Structure formats: structure tokens, C-alpha cells
Chemist: 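Structure in C-alpha cells, see below.
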Amino acid sequence: MSEETAASTAETPKTEAKVAAPIATIATLGQHEGESVTLRGWLYNLRESGKLLFPIFRDGTGTVQGVAHVKSVPAEVFEVLKGLTQESSVIVTGKVRADKRAPGGFELDVEGIQVIQRVPESDPYPISLKDHGVEFLMEHRHLWVRSPRQSAILRVRAEIMRAAAEYFDNNGFIRTDPPILTPAACEGTSTLFPVDYFGEPAFLTQSGQLYIESTALALGKVYSFGPTFRAEKSKTRRHLTEFWMVEPEVAFCDLDGLMELAENYISYIVQSVLKNRAPELAVIGRDVAKLENIVPPFPRLRYDEAAKMLQQAHADGHLENSFEYGNDFGSPDETWLTQQFDKPVMVHRYPAAVKAFYMEPDPADPTFALCLDVLAPEGYGEVIGGSQRVASYDLLKSRIEAHGLPLESFQWYLDLRRYGSVPHAGFGMGIERLVAWVCGLDHVRETIPFARTLHRIYP
RNA sequence: UCCUGAGUAGCUCAAUGGCAGAGCAUUCGGCUGUUAACCGAAGGGUUGUAGGUUCGAGUCCUACCUCAGGAGCCA
């Protein structure tokens with residue numbers, strides 16, 4: 001912003017707006033029917049019909065169509081409005097009028113307008129109301145977020161994050177955020193972003209789990225909520241290199257307790273979005289009937305049962321590749337599995353061999369791990385991964401060694417088993433995948449203000 | 001990293017190996033109820049880059065670059 005522009009913004013109260021009209025937002029215009037109000041925002045679009053102008057304004061809360069006839073507004077107002085360019089910033093005053101022709105129910109009969117910054121014709125706003133390609137939109141993400149659909153998605157994201165924290169805050173969890181700069185990997189170093197820490201090698205966190213196991217043994221029930229980083233060379237609609245994860249960790253909790261928490265948690269968040277962001281879901285075009293169904297309990301499948309379903313599906317020709325018992329599920333496997341249910345599916349007790357070193361073996365059969373994946377419906381894939389954690393010092397130590405991890409880096413983690421170890425469990429939930437599912441998007445890049453994907457770090 | 005596909009006007013896309021075009025955007029003109037308004041006109045091009053085949057290449061071949069979708073791995 002230039003100094004000149006900043007100055008004119010600061011002077012706003014002295015000029016046109018002073019005469020009129022209380023400041024209102026478009027979302028709450030209905031409370032001002034018949035009154036004159038002041039809106040501060042941008043010109044979203046302008047339709048001209050000779051002596052009649054239809055400017056559409058947006059202010060971040062919604063859009064409203066203004067009406068300005070050459071005979072009904074001052075000549076200078078008509079002149080300013082006529083030919084005004086898309087996304088010019090304005091302060092507009094006008095009288096709110098109910099009109100059944102208006103999509104939002106109300107129109108604004110324009111009385112006055114002040115242009116804060118006029119977008120020049122020589123360099124028009126690049127994002128038109130017509131179609132654009134993914135590459136162009138991502139290059140202009142800093143402007144794309146202004147579009148009604150993108151704004152609606154970000155509002156849903158905010159609601160999901162709010163509800164995600166609220167559930168834990170209301171249920172006795174203490175938020176304890178782990179460090180983002182970490183000295184070592186949780187699960188190997190190949191997917192970590194390295195940074196230079198005053199000459200020492202360090203990494204951006206890929207999970208706060210190990211740290212919140214510590215705070216869980218201090219505080220009982222804890223959660224963390226923050227960004228995580230994975231340097232995986234994944235190029236799919238479900239992957240970001242920087243994403244937000246919320247992770248609860250609960251002392252004296254077993255796998256059954258964890259599954260109960262997971263289904264209650266997801267249901268609470270989805271129902272909060274339905275309750276508080278229905279207009280946004282309508283803008284996005286989401287079929288809310290599929291979301292209204294998201295209430296506990298969720299179907300639970302042992303890995304064994306899921307594996308049988310996949311093998312049968314392959315035999316019946318629904319899946320191209322055969323599923324080999326003992327492996328983790330592939331992406332097409334997961335997609336098919338979730339399409340068999342209209343709620344998230346909780347798959348538990350995977351073979352220990354394909355899972356992380358810190359997962360507690362099932363006492364009934366130690367070749368299986370007490371772990372849990374929650375797979376979202378409609379093919380959205382894994383939104384939660386979690387487990388009961390190894391509680392035994394000796395077992396954890398041998399697991400670390402068996403995975404070839406440096407014992408000295410994990411001494412503090414082993415301390416949690418030396419001093420008052422208890423059964424405990426937790427999971428991580430990826431915010432962006434949840435937003436993608438709740439909004440019905442086909443790619444997670446639209447679920448975060450500025451997506452970091454493989455080979456894209458601009459803007 | 002591997003597989004597949006795509007790069008043509010500011011944007012979205014056409015163009016049998018034979019004159020590089022349309023819609024939107026921009027400029028000019030018209031229109032008193034438009035809903036991505038509409039109607040008329042104008043300007044706008046090193047067809048991703050570098051080579052090659054050919055009388056002739058946006059089109060065919062080779063390499064590279066960029067982007068997209070997918071696999072593996074994961075949330």
C-alpha cells in the first residue's frame with residue numbers, strides 16, 4: 001500500500017462517510033431495512049444498463065447488489081460509479097431495501113460513494129468471474145482468496161479449527177503445544193525439512209506426538225494444535241508439505257477409549273460446521289445431507305475384516321490391484337473401503353510390522369498393533385491416525401533399536417516409561433483433509449490460505 | 001523418484017502438416033431491472049525453450065523447462 005493510499009484511508013471519517021449512516025456489514029444488512037448504512041469493501045462486479053447501474057459490492061461478509069439510477073443519485077456519484085473497475089476499494093452509503101429479486105433478499109439504493117483506490121484500467125484485476133486454471137489461480141492465491149467460494153471455504157476452516165479446540169477445552173483437555181524446531185525424527189529422517197540451528201542440524205516437526213505424551217503424563221488429558229511439515233514428494237489431492245494437525249493425548253486411555261473419543265470428536269466438529277456455517281456450505285455447494293448423518297457411533301472394522309472386504313472386492317472386479325494380506329492399505333484400497341459406508345470408518349489393529357515403533361501390541365495377538373485409522377467417507381481418505389502407545393520401558397527400548405533409531409535421542413522419551421509409565425493413547429487429525437471432506441472439495445490446496453505443495457512456495 | 005497428460009492473446013479454449021481464431025477482460029459506442037447482463041466496434045500473438053524433419057510446423061520427431069493428475073508414503 002502506498003503512503004498516499006494509507007493516508008486517504010486514515011482520513012476516511014472526515015469525508016463522505018461522516019454525513020451518513022452507521023457502518024454495517026453485508027451479512028447483517030437485514031437488520032437495517034429501510035435505513036441508510038455505510039458499507040466498506042470492494043466492487044465485486046458492475047452491470048451497466050444505460051442510465052441504470054448495478055454495482056455489486058463485497059465486504060468480506062457477503063455480497064450485495066447496489067442500484068444507482070442517473071436521476072436518483074448525485075451526478076458525481078453516478079460518474080464515479082460508471083465504469084468503476086472490478087476490485088476497486090470503496091466506502092459506499094445507501095438505503096437498505098428488501099427486494100425479492102435479490103439473491104440475498106436485500107439491495108442497496110446507492111446514495112454516496114468514496115473510492116479508496118481505483119484499480120486502473122491499464123492493469124485490471126486479473127481474476128475474472130469466468131473460469132480459470134489451477135496454475136493461474138495458485139499463482140494468484142493472494143487475490144483468489146477474495147472470491148466468494150474461497151472465502152466461504154476459509155470460513156468453514158476457521159469454524160473447524162474453532163470447534164476442534166472447543167471440544168477439547170470443554171472436556172478437560174489442556175492445550176500444550178510442542179516445539180516446531182526439533183532435534184530428531186519421530187519416524188525416520190527422510191521426510192523432514194532440515195534447518196540450521198546455530199550450526200547444529202535441526203528439523204521442522206512432523207508430529208508433536210512424542211512431546212505431548214510427556215505433557216499427558218503431567219496433565220492427564222492434553223492436546224496440541226499447530227503446523228507440521230513433511231518433505232514427502234507426494235503430488236496428490238490429499239497432500240501438503242505444510243499442514244495443520246490437532247493431536248490429543250490421554251493418560252490411562254486404551255484403544256477403545258481412543259475410538260470413542262475419535263467418533264465423538266469428528267461428529268462434534270461436523271455438527272458445529274452445520275450449525276454455524278450453513279450459508280458458507282451453500283455457497284460452496286455442499287450436500288449437507290451427507291454431513292447431517294455424521295453422528296456416533298462410527299462403523300469399526302478390524303484390519304482383518306477390512307482386508308477380507310478388499311480381497312472380495314478385487315475378486316468381484318471392483319479393485320484393479322489385488323490386496324496382499326499384511327500390507328498397509330493403498331490409496332485406491334482406502335477409497336473403495338470408505339465408499340462402502342456413509343460415515344467415517346474406523347479401522348483398527350493393523351499388523352504391527354507395517355506400523356510405527358511406538359504403537360502398543362495387542363495383548364491378544366502381539367503381531368497386531370493397538371492402532372486406529374479413521375477414514376472419511378466419499379473417498380476422502382485418512383483423516384485420523386492414532387494408537388495406544390507402548391507403555392513398557394523394555395519393549396519400547398527394543399523397538400527403537402529394532403527400527404535402527406539412535407537410542408541417545410530417545411532417552412527423554414524412554415524416561416516417560418521409567419517414571420510412572422501408564423497406558424496412554426492419542427491420535428493426530430489433519431485439518432486440511434477434514435476441511436476438504438466437510439466442504440466436498442477435490443483438493444486440499446483450497447483448504448488453507450496459502451498451500452505449500454511439492455514445488456510450490458509462491459506466493 | 002516413477003507413470004500419464006497438458007503448455008496458443010491478460011484469462012478460458014479452438015485451429016486436417018497449408019491465411020493463428022472465438023468468448024471473457026481492456027478501449028470506444030448503445031441500452032431504465034441487470035443476475036458470470038446484453039448488443040455493436042476496435043486494439044491485443046516470438047503458439048513454453050532449444051534443436052530437427054518438411055516446399056511449408058501451433059500441429060510431426062528429440063531434449064529440456066513448467067504445470068496438472070496418479071503411484072509409493074502419509075494426516
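Numbers restart at 1 for each chain; the letters A, B, ... are given by sequence-line order, proteins then strands. Small disclaimer: the values here were computed from a predicted structure and weren't measured.
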Chemist: When we call it a touch if two heavy atoms are under 4.0 Å apart, what does A:Asp328 touch: a base, just sugar-phosphate, or nothing?
Modeler: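 Counting heavy atoms under 4.0 Å across all strands, the contact made by A:Asp328 is with sugar-phosphate only.
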Chemist: Base, sugar-phosphate alone, or nothing: which one does A:Gln65 contact when heavy atoms must sit under 4.0 Å apart?
Modeler: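 Contact class for A:Gln65: base.
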Chemist: Taking only side-chain nitrogens and oxygens of A:Arg238, does any of them come within less than 4.0 Å of OP1 or OP2 of B:rA71?
Modeler: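 Yes, because at least one side-chain N or O of A:Arg238 sits under 4.0 Å from OP1 or OP2 of B:rA71.
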Chemist: At under 4.0 Å between heavy atoms, what does A:Met245 touch on the DNA or RNA strands: base, sugar-phosphate, or nothing?
Modeler: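 The residue A:Met245 makes sugar-phosphate contact but no base contact.
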Chemist: Within the structure provided, determine whether A:Glu378 and A:Thr338 are in side-chain contact (heavy-atom separation under 4.5 Å).
Modeler: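 Of all side-chain heavy-atom pairs linking A:Thr338 with A:Glu378, none is under 4.5 Å.
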Chemist: Respond yes when some side-chain nitrogen or oxygen of A:Arg47 is under 4.0 Å from OP1 or OP2 of B:rU32, and no when none is.
Modeler: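 No, no such contact exists.
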Chemist: Is any side-chain heavy atom of A:Phe323 less than 4.5 Å from a side-chain heavy atom of A:His314?
Modeler: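 Side chain of A:Phe323 against side chain of A:His314, heavy atoms only: no contact under 4.5 Å found.
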Chemist: With salt bridge (charged side-chain N to carboxylate O under 4.0 Å, His left out) as the test, would you mind laying out the steps for A:Arg300 and A:Glu263 before giving the verdict?
Modeler: CA-CA 10 Å; A:Arg300 300 180 185 195; A:Glu263 65 191 0; 3.1 Å; yes
Chemist: With the criterion being N/O to N/O and under 3.5 Å, what pairs connect the protein with nucleotides 5-14 of chain B, and how long is each?
Modeler:
from   : atom 1 : to       : atom 2 : distance (Å)
B:rC11 : O2'    : A:Asp131 : O      : 3.3
B:rC11 : O2'    : A:His132 : ND1    : 2.4
B:rU12 : OP1    : A:Gly133 : N      : 2.8
B:rU12 : O4'    : A:Asp131 : O      : 3.4

Chemist: Measuring centre to centre across the rings, with the benzene-like ring taken for any Trp, is A:Phe357 within less than 6.0 Å of A:Phe410?
Modeler: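 Here the rings of A:Phe410 and A:Phe357 have centres that are less than 6.0 Å from each other.
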Chemist: In this structure, how many angstroms lie between the P atom of B:rA75 and the CZ atom of A:Arg452, rounded?
Modeler: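 Distance, rounded to whole Å: 22 Å.
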Chemist: Is the distance from the ring center of A:Tyr303 to that of A:Phe329 below 6.0 Å?
Modeler: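 Ring centroids of A:Tyr303 and A:Phe329 are less than 6.0 Å from each other.
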Chemist: Would you kindly check whether a donor in the side chain of A:Glu48 faces an acceptor in the base of B:rG30, or vice versa, at under 3.5 angstrom?
Modeler: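 Checked by distance alone, the answer is no.
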Chemist: With centres under 5.5 Å and planes under 30° as the test, does A:Phe54 stack with B:rG33?
Modeler: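 Per 5.5 Å and 30° rule: no stacking.
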Chemist: For RNA chain B, whose closest nucleotide is more 5', that of A:Arg445 or that of A:Leu454?
Modeler: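 Checking each residue's closest nucleotide, the 5'-ward one belongs to A:Leu454.
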Chemist: Report which part of the nucleic acid A:Ser331 touches: base, sugar-phosphate, or nothing (heavy-atom distance under 4.0 Å, all strands).
Modeler: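 Sugar-phosphate only.
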Chemist: So what does A:Arg149 touch, heavy atoms closer than 4.0 Å: a base, only the sugar-phosphate, or nothing?
Modeler: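 It contacts nothing in the nucleic acid.
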Chemist: Need one value for A:Gly381: base, sugar-phosphate or nothing, where a base atom within 4.0 Å counts as base even if backbone is also close, heavy atoms only.
Modeler: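 No contact.
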Chemist: Under the criterion side-chain contact (heavy atoms from CB on, under 4.5 Å), which of A:Pro227, A:Ser207, A:Ser224 is the partner of A:Met245?
Modeler: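 Going through the options one by one, the only one that passes is A:Ser207.
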Chemist: Grab the CG-P distance between A:Leu319 and B:rA71 for me, whole Å please.
Modeler: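 About 12 Å, once rounded to whole Å.
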Chemist: Angle between ring planes, A:Tyr265 versus A:Tyr167, binned at 30° and 60°: parallel, tilted or perpendicular?
Modeler: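 It falls in the perpendicular class, over 60°.
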Chemist: Is A:His455 touching bases, backbone alone, or none of the nucleic acid, heavy atoms closer than 4.0 Å?
Modeler: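 Touches sugar-phosphate only.
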